[in-house]
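Working notes, beginning with the structure itself.
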2 protein chains.
Amino acid sequence: MRNPTLHDVARAAGVSYSTADRVLNQRGGVAEKSILRVQHAIQELGYRRDIHAANLSRRRSYRFRFYLPQGDHGFFSVLRDAAQDQGRARALDRINVDVHDVPALDADALAIELASIAEGDCDCVAIVGADSDRLGAAVARLAGLGIAVVTLVSDVESHARAAYIGINNIAAGRTAGRLIGLAHTARYGRILPILGKLGVRDHRERLRGVSDVLAGVGGISLLPALEVMDRPDRMLEHVGKVLTMDPDITGIYSIGAGNRALIRILGEMGGARPFVVLHELSPHSRVALEGGLVDAVIDQKPAEEIAQALDAMKAIVDGEVPIQAEITPTIYLKDNLPGPTGDGEHA
Amino acid sequence: MRNPTLHDVARAAGVSYSTADRVLNQRGGVAEKSILRVQHAIQELGYRRDIHAANLSRRRSYRFRFYLPQGDHGFFSVLRDAAQDQGRARALDRINVDVHDVPALDADALAIELASIAEGDCDCVAIVGADSDRLGAAVARLAGLGIAVVTLVSDVESHARAAYIGINNIAAGRTAGRLIGLAHTARYGRILPILGKLGVRDHRERLRGVSDVLAGVGGISLLPALEVMDRPDRMLEHVGKVLTMDPDITGIYSIGAGNRALIRILGEMGGARPFVVLHELSPHSRVALEGGLVDAVIDQKPAEEIAQALDAMKAIVDGEVPIQAEITPTIYLKDNLPGPTGDGEHA
DNA sequence: CTGAAAATGATTGACGTCAATCATTTTATG
DNA sequence: CATAAAATGATTGACGTCAATCATTTTCAG
C-alpha cells in the first residue's frame with residue numbers, strides 16, 4: 001500500500017507538479033481556482049508530505065537546545081542524561097540535541113541565557129519553566145524570532161510557549177494524599193509536608209492536592225508545611241527538630257526535589273518510622289524505597305518526558321500540531337520499580 | 001552536523017562506492033582485504049545507514065500483523081484500538097498494521113491461524129502468547145520463514161520468538177500485595193483472590209506475587225483463590241456467595257481480566273466495602289475507580305505496549321536489535337488517572 | 001488587437017541509498 | 001607470456017521532495 005505522492009495530487013487536480021508544489025508550500029504565483037483544486041485533491045487523497053524525503057532533499061537538521069537546571073538534585077541529572085542519550089539515539093532522524101546547564105531555581109539566570117539566542121541559532125528550545133515575568137517575556141521574544149519554546153516539568157505563564165510536557169501537580173499532590181489515606185485506613189495520623197519554597201507554584205499545587213484529599217479523610221491532620229528551600233542543611237536541622245518535638249507524626253510528604261538529607265534522617269531513626277512519600281525516582285530515592293525507608297515515590301518519568309519533548313519539538317518544526325500526550329503521576333512502590341531489582345527476591 | 005554517508009565510508013576506505021555498498025549489504029564479490037578496510041571505515045566514522053533514504057529507494061513498506069484475542073474483555077479491546085490507531089498514525093513511516101481477531105484463551109486456534117501464514121505474506125507478527133507447545137511450534141515455523149514473532153502481554157516458551165513486551169506478572173502481584181498491605185496498616189484482614197484460570201501462567205504468577213508479599217505482612221490471611229474462568233456468570237454466583245459466608249473479608253484482588261460482574265457486585269453491596277485491587281484500566285474499571293467502588297487498578301498500559309511492539313517490530317525488520325524497554329506495573333488510584341477526569345474536582 | 005503581467009508547465013540537480021549492468025583492472029593459473 | 005576469473009569501478013535510473021530557473025501559455029489592460 002503506497003502513500004499518495006504530490007505527483008498524485010497534481011494529477012488529480014489537473015495541474016503540473018510545479019503548481020501543486022507552489023500551493024503545498026505557499027510559494028505564491030497561483031490563481032485561486034488552482035489553489036482550491038490542489039487543496040481539494042490533497043484532502044481527497046489524504047496526501048501527507050513524506051517528511052523523510054523532504055528532509056533528505058532539504059538537508060534539514062533539527063537543532064534543539066535544552067536548558068536544564070544544574071545542581072545535585074537527582075531528578076535533574078536523570079533528566080539531563082535522558083536528553084543527551086535520547087538526542088544521540090535520534091541522530092538518524094537528523095536531531096541534534098544541545099544541553100545547557102542553568103542555575104537551579106533562578107528564573108532570571110535562565111531568562112538571560114535565552115536572551116542570548118539569536119534568530120537562526122536553533123530550531124526549538126526546551127526549558128524547565130518557572131513563574132517569572134522576565135522568563136515569560138524571554139519566551140515570547142524567541143517565539144517572535146520563529147524559535148518555539150517547549151516547557152518541561154514546570155510551565156510558564158506565557159501564551160507564547162508552544163507546549164507543556166509535565167505532570168499536573170495538583171493531581172500529584174492528591175495522589176500522595178490518597179496513598180497517605182490508604183496507610184491510615186484504620187488509624188489516626190499527623191502528616192508533615194516538607195517543601196522547597198511556597199513561592200514555587202508546583203510546590204503550592206502539590207500541597208493543595210494533598211490537603212484537599214486529606215480533608216476528606218477523617219482522623220488525619222495535615223501539619224503546617226515546613227519550607228527547607230531545597231537545602232540539605234535546613235532539611236537536616238528542621239525536620240529532625242520537628243520529629244523530636246512531635247513524636248506522633250505518622251506520615252511525611254516531601255514535596256520538593258532534594259531528598260538525600262531526608263533519607264539520611266529516616267535511616268537514623270529508631271522506633272516506628274512514619275509513612276513516607278517522596279517525589280521523583282532517583283538512585284537515592286530508589287535505594288530508600290527498596291530498603292523500606294520510604295514507602296512510595298511519585299515520579300514524572302523524566303525519560304518519557306524527554307521523549308515526548310523531542311516528539312513535540314520535531315512536530316512543531318515540521319509544522320504539525322504536537323500531540324499532547326499526558327504524563328500522569330506514576331506511583332512507585334517497592335515492587336514495581338523499573339529495571340533490575342536490588343533485593344533479588346524476584347526475577 | 002551531517003551524519004556520515006556511505007560515500008564518506010568509501011572515500012575513507014579507499015574504495016569505490018560500489019565496493020562499499022557490496023560490503024555493507026553483503027553482496028559478495030569483494031576481497032577480504034577490501035572488506036576489512038570498509039568495515040574499519042564504517043566503525044571509525046560511526047556510519048549508520050540512513051534507513052529513511054534506503055526505504056525510499058527500495059519502496060519498502062513494513063507489513064505487520066497483530067493477532068489479538070477477541071471478546072468482551074475491556075483490556076483487549078483497548079489493545080486492539082491502540083494497534084489500529086497507532087498503525088494508522090505511522091503510515092508515513094511506511095508501516096501497515098493488519099489486526100486479526102482470534103478466540104480468547106484458545107492457543108490452538110491461534111496456532112492454526114499462524115499456520116496459514118506463508119513465506120512473504122508479511123514482515124512481522126505480534127501475538128498475545130500463551131503456554132502451548134503447539135503455539136511455540138507455530139512461532140518457530142514462522143521464524144524459519146523469516147517472519148519474526150513478537151509476543152505481547154503474555155509470553156511463549158519458544159526461543160524462536162523475537163521479543164516480549166509486557167509486564168512481569170510476579171511484580172504485578174507483588175504490587176497488589178503491597179497496596180493491600182498499605183490499606184491494612186494497623187488492622188487485621190482476610191483477602192480473597194479471584195482469578196480466571198490457575199492454568200494460565202500469568203494468573204499463577206500474580207497469585208504468587210501477592211502471596212509472597214502478604215506472607216511478610218503480619219495479620220493478613222490470603223484465602224484460597226476463587227477460579228471464575230473469566231466468566232461473568234461464575235463471578236456473580238461464586239463471589240456473592242463467598243462474601244455472604246465470610247463477612248470478614250477485608251480485601252479482594254481480582255487477578256483476571258473481566259471485571260464487569262465484580263464491579264456490579266461491589267455496587268450492590270451494603271455496609272463496609274472491602275479494599276479492591278483490579279487489573280487493567282478499561283472504561284468500566286475507570287468508572288468504578290472514580291466512583292470509589294474500586295481502590296486501585298494495576299495497569300500494563302496497552303497503548304505503550306503497542307507503541308513498543310511497533311518499535312521493536314520495525315527494528316527487527318531493519319536488522320537492528322530491538323530495545324527491550326520495560327513495561328512496569330502501573331498503579332492507578334482515583335487521582336492519577338490519565339485523561340479528563342469524571343468528577344470535576346480538579347482541572 | 002497588442003503588449004505586459006500573471007499563471008502555469010517543464011526541466012534540472014540535489015539529497016542517500018538501492019540495485020542492476022557493463023567496463024576496466026587486477027589476480028591467478030597454465 | 002596469455003588467458004580466464006575475480007575484483008573493482010563507473011554509470012544509470014529509481015524513490016519523493018525541494019528549489020531554482022527558464023519556457024510557454026493564459027489573462028488582463030489599454
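Just so we're on the same page: letters track the sequence lines, and every chain starts at 1.
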Practice task
For B/R37 and B/A13, indicate whether the former's side chain and the latter's backbone hold a donor-acceptor pair under 3.5 Å.
Solution key: yes
Fill in the blank from the handout: Protein heavy-atom contacts under 4.0 Å, written 5' to 3' over nucleotides 12-17 of chain C as B (base), S (sugar-phosphate only) or - (none), form the string --BBBB
Problem - Main-chain N/O of A/D101 paired to A/Q70 side chain as donor or acceptor, under 3.5 Å - result: no
Handout entry: Terminal axis angle for the helix from C/dC1-D/dG30 to C/dG30-D/dC1, five pairs an end, nearest 10 degrees
Key = 30°
Handout entry: Under 3.5 Å side-chain donor-acceptor pair for B/S18 and B/D21
Key = no
Practice task
Output every pair passing ring pair (Phe, Tyr, Trp, His ring centres under 6.0 Å) with a member in residues 26-60 of chain B, not counting sequence neighbours, ordered by first then second residue.
Solution key: A/H52-B/H52
Fill in the blank from the handout: CG of B/L152 to CD of B/Q308, rounded to nearest 0.5 Å, is 10.0 Å
Problem - Lys/Arg cation over aromatic A/F76: A/R80, 6.0 Å, 45° cone - result: no
Exercise for the section: State whether A/S18 places a side-chain N or O below 4.0 Å from either non-bridging phosphate oxygen (OP1 or OP2) of C/dT8. Expected result: no
Problem - With B/D318, the salt bridge (charged side-chain N to carboxylate O under 4.0 Å, His left out) member among B/R60, B/R48, B/R94, B/R49 - result: B/R60
Problem - Any donor-acceptor N/O pair, A/D121 side chain to A/A118 backbone, under 3.5 Å - result: yes
Problem - Side-chain donor/acceptor of A/S16 to base of C/dA10, under 3.5 Å - result: no
Problem - Options C/dA7, D/dA10, D/dA19, nucleotide nearest the side-chain atoms of A/R27 - result: D/dA19
